[in-house]
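This report concerns only the one structure given below.
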Amino acid sequence: MSAETTGTRDFTYWRLRFRDWRQTRPFWAGLFTALGGGPIAYFPYANLKLGHLTLVMATTTGSGSLIIGVLLVTLGLTMWFQQIIRVFAGVATILLALVSIPVSNLGGFFFGFLFALIGGCLALSWAPGEPADGTEPGRHTPGKQAEEPQGGEAAGVELPEQRATAAYDPGAAPWSGDVPSGIVDANGGRNSAG
């Protein structure tokens, strides 16, 4: 191998790349939701064999089960590739999971129901994280202190830390002209509850 050859990308490279991709989206929510759609769509069309006994779970709502299962798989993929609509996808997943109980053999014998319910809850609770190296230039992340502007005090701009230390005096209320001290007793009176 020469110095100019970049070499092949080993397993560690792909694992780290997948980890970075996974951390920027509700990965586990999408996985649980897609896995929940499988049993819901499968069991109404399955022929289960128990020894010499064939158990057919076909119902009149088989098409409803298939639609719910396909929608759950689609919502799971949507959570991965369009994370901006994760709240809609989470609510829709929870509603489809609840509808699957009466429609699809107890929600795929509760396996699909539980997977879809967990996936929907995870989608609703996921929030995008902050980048480790800081924010992009020109963007302000909520919760972080903004940088001090150039010439703060010299320009006459009152900074937030200056406002917090200054005493706040609201002045006299406009309706308190008859009370010399500006203090109104609110205990009792016509509108009090006790």
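Please read all numbers here as calculations on a predicted model, not as lab measurements. We number each residue from 1, following the sequence as shown.
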Would you kindly confirm whether [X] and [Y] end up in one hydrophobic cluster when ILVMFWY residues are joined by side chain heavy atoms under 4.5 Å apart?
| X | Y | result |
| --- | --- | --- |
| F81 | L35 | yes |
| L77 | I118 | yes |
| L114 | I94 | yes |
| L106 | L95 | yes |
| I68 | I101 | no |

Distance-minimising heavy-atom pair for [X] and [Y]:
| X | Y | result |
| --- | --- | --- |
| A41 | G69 | CB-CA, 3.9 Å |
| G90 | A123 | CA-CB, 3.8 Å |
| V87 | L124 | O-CD2, 3.5 Å |
| W80 | G30 | NE1-CA, 3.7 Å |

Heavy-atom distance under 4.5 Å between the side chains of [X] and [Y], does that happen here?
| X | Y | value |
| --- | --- | --- |
| P26 | L122 | no |
| F115 | T33 | no |
| P128 | Q83 | no |
| L98 | F113 | yes |
| V103 | I40 | no |

Heavy-atom donor-acceptor pair, [X] side chain to [Y] backbone, under 3.5 Å:
| X | Y | value |
| --- | --- | --- |
| T93 | A116 | no |
| R25 | M79 | no |
| S100 | A97 | yes |

Review point. Between W28 and F32, how do the two ring planes meet: parallel, tilted or perpendicular, split at 30° and 60°?
Key: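 It falls in the tilted class, 30° to 60°.
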Review point. Taking everything shown except I84 itself, do over 12 heavy atoms lie less than 6.0 Å from its CD1?
Key: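 No.
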Practice item. Step through the shown structure and confirm whether more than 12 heavy atoms of other residues, nucleotides or ligands are within 6.0 Å of CZ on R17. Key: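 No, not enclosed.
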Exercise for review: Just jot down the ring pair (Phe, Tyr, Trp, His ring centres under 6.0 Å) partners of F18, sequence neighbours excluded, or say none.
Suggested key: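 So F18 forms a ring pair (Phe, Tyr, Trp, His ring centres under 6.0 Å) with W21, F27.
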Rounded to the nearest 0.5 Å, how far apart are [atom1] of [X] and [atom2] of [Y]?
| X | Y | atom1 | atom2 | answer |
| --- | --- | --- | --- | --- |
| Q82 | L75 | CD | CG | 12.5 Å |
| I67 | L72 | CD1 | CG | 12.0 Å |
| D10 | L16 | CG | CG | 9.0 Å |

